[in-house]
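Step one of this worksheet: look at the structure below.
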Amino acid sequence: MKAFVTRHPTWSLIIGFVVAVLLWLIFAPWTEGMEDVLGRKRVFLNAIFGGVTLGALYFLVASGFTLIFGLMRNVNLAHGSLYLLGGYIGFEVSERTGSWLLAFPVVFVVVALLGLVLQNQVFRRMEGEELRQTMVTIGLSVVLADIMLWIWGGQSYTIFAPDWLSGPMTLPIVSGYRSSGEAVMLKYPAVRMAILFAAIVVGVAMWLILNRSRLGMLIRAGVDDREMLAASGVRIQYVFLAVFGFGAGLAGMAGIVGGTFQSLSPGEDTRFLLASLVVVIVGGMGSIPGAAIGALVIGLAEQLGLVYAPTYSVVFTFLIMAAVLAFRPQGLLGRA
Amino acid sequence: MALAEPPLGRTTAPTRPAPQKVWVERIPPIWWVLGLFLLTLPAYANDFILFQVFGWTFILGMIALSLMFLAGYGGMVSLIQMSVAAMAGYMVAIFGTSGIAAISMDLPWWLYIPIAILIAAIFGTIVGALAVRTEGIYTIMITLAIAAAFFYFTRQNYTIFNGYTGFNLVVPPQLFGIDWRQPVPFYYLTLGWAAISYGVVIYVSRAPFGLALQGIRDNPRRMAALGFNVTAHRVAAYTFASVIAALAGILLVWQNAQIAPGTAGIPAVIDILVIAVIGGIGRPIGPFVGALIYVLLRTFSPDVLLTFGLSGERFKLLIGLGFLALVFFSPDGVLGLWDRWRARQARRGDPLTGEKGE
């Protein structure tokens, strides 16, 4: 961070200014004039929080995608199918056992096992043939999507959150004032805050594992130079298996999260595949912090766009991607 | 270096060269048979086969051909071609006549067709200019993302693209007193344009531009060192491919008589790649072979599945599994299978004389 500030003083100033303005908009009480221009503060706050929680969900999906890509150079276009499959399995588990929490480990194990099979039986056979791997993942996503349509049909499912997470919680942020002058605090669905919290925990844990553990060291070395790592005696296939299984399992768990605060239906797989693509393109391929920043930017752009320019919210996402491509093709945090 | 090498061709050539054949004689007989078959098809095929099977095959084949041109000669796998085609279709609906009178401008056909092709080509060029900044799998990802953005944009925009419903009643003009949407005229229309596109792609691939493009595919740095503008060639390839895709898009909107965001949805975009890969992206005939297989599967697999007691809706599973198997065993598509079979036959030699083939 320090190195970034010394290298790009203007950019860090601009970024710092934007962040400061956003924080001030969130925490400061709004005046009458501001409400005239920007609308109700409650609406703005809801858009911001919606964007951040959506970004958290995108991060959960995209971090596995970017990790797999960074290590194995494999664009897994079946990632969205893993997400949707995880959501459906999570729905079945939570319906049958009545436990929302139990769904997470079950889905993680099942989808991670599927990921292991894919890596060991499919991708290992065509190592280095990137285009062919991509084609295979496309074929897999078509097959998986149709099998899921076969089993679960075309209707949409919602996974119900447990009682202790339902209902709103009060945040220490002023959203407006009553006529009596009394401050009204922002109320926000508790389950979304839990998702945000979980995403932050997952992100920090991934960062710690990548930067502080032996496995993380192996993964980072593999990202830098796969052949050299293999030549120095590391059984790189096991590292690949671990990363692919973990990334797939994470996508599956994200499916439960997505099924809880949105819904599961055919077509969601491509939506989330696409979201991960855009997030990873914006953030930089193979970078976990990049995925976090990209997810945050895309989530915020989507939600703020939905509130302030409903017709063109998709275009904002696209414009951000095009701008990043035009000025920094390797992504915000990607390495050239 | 090239000067020092012995000219290979001359050492093996006979001392007295055979008389030069006229270009008509050099066309292999199989092409004459195929051409005759396609031209006389209306005599013994019903309207459904002509309009739905072959008309659709030629259209999808042209879109896949534009992908094949980019992927096979340029080394750029672009998933944007379906969106470019849909863009041309939308422009035909917007500038021409459609059931949505509030948006359509009712221009004459000689104006709206060039406009549609021009706008689609500009669209494809802009996307190409963005996409050539990346390489390999990145190009797939970026073009896929842009194609999705196009889909969502057309679905949400009501002022230009009429949102979710799109345009209906888009029909070809009554030219020379013929209703071009009747099966037989439409069959010849699509056949003609498919043949023209095929010929132009063959021509361009042997023209200096196409040769330079193939050189860039094989070694961009060397071509840059030789003084070729790598980026300009790649972007121009996108423009050329966009024109073919745009022609196909216009035919597609005429065939369906309507266009909606789903025309260029993600499944449709993926289908074009599947078609090109099934046929084989090494040669321009591949996309048409792939399109024929795809259309036949799509049209008749429900019946086949039903006879085996399965639900007719599972044709996607069939296509997906077929695609997977093909990518697994023959990365260069059906044509690759055919080539290998031919090579094995040639190795085995003639069954009668036992002579080895070439």
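All values below come from the heavy atoms of this structure, side chains included, with hydrogens, waters and symmetry mates left out. Letters go in sequence order (proteins before strands), and every chain restarts at 1.
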What's the spacing between [X] [atom1] and [Y] [atom2] if we round to 0.5 Å?
X        : Y        : atom1 : atom2 : value
B/Ile146 : A/Leu277 : CD1   : CG    : 11.5 Å
A/Thr270 : B/Ile270 : OG1   : CD1   : 9.0 Å
A/Ile147 : B/Leu321 : CD1   : CG    : 7.0 Å

- Message: Taking the side chain as everything from C-beta on, heavy atoms only, tell me whether B/Tyr152 gets closer than 4.5 Å to A/Leu274.
- Response: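 They are in side-chain contact.
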
Side chain / backbone / both / neither for [X] at chain B, heavy atoms under 4.5 Å:
X        : value
A/Val278 : side chain
A/Leu140 : both
A/Met321 : side chain

- Query: Between B/Leu144, B/Val274, B/Ile142, which residue shows the highest count of heavy-atom pairs closer than 4.5 Å to chain A?
  - Reply: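 If we count pairs closer than 4.5 Å to chain A, B/Ile142 comes out on top.
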
- Item | Set of side-chain contact (heavy atoms from CB on, under 4.5 Å) partners for A/Ala295, sequence neighbours left out |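 Once residues adjacent in sequence are excluded, the partners of A/Ala295 under the side-chain contact (heavy atoms from CB on, under 4.5 Å) criterion are A/Tyr58, A/Phe59, A/Val279.
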
- Passing candidate, side-chain contact (heavy atoms from CB on, under 4.5 Å) with A/Ile138, options B/Val277, B/Leu324, B/Leu273: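 The single option meeting the side-chain contact (heavy atoms from CB on, under 4.5 Å) with A/Ile138 is B/Leu273.
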
- Query: For A/Ile281 and B/Ala145, which heavy atoms make the closest approach, and how far apart are they?
  - Reply: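 Closest heavy-atom pair between A/Ile281 and B/Ala145: CD1-CB, 4.5 Å.
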
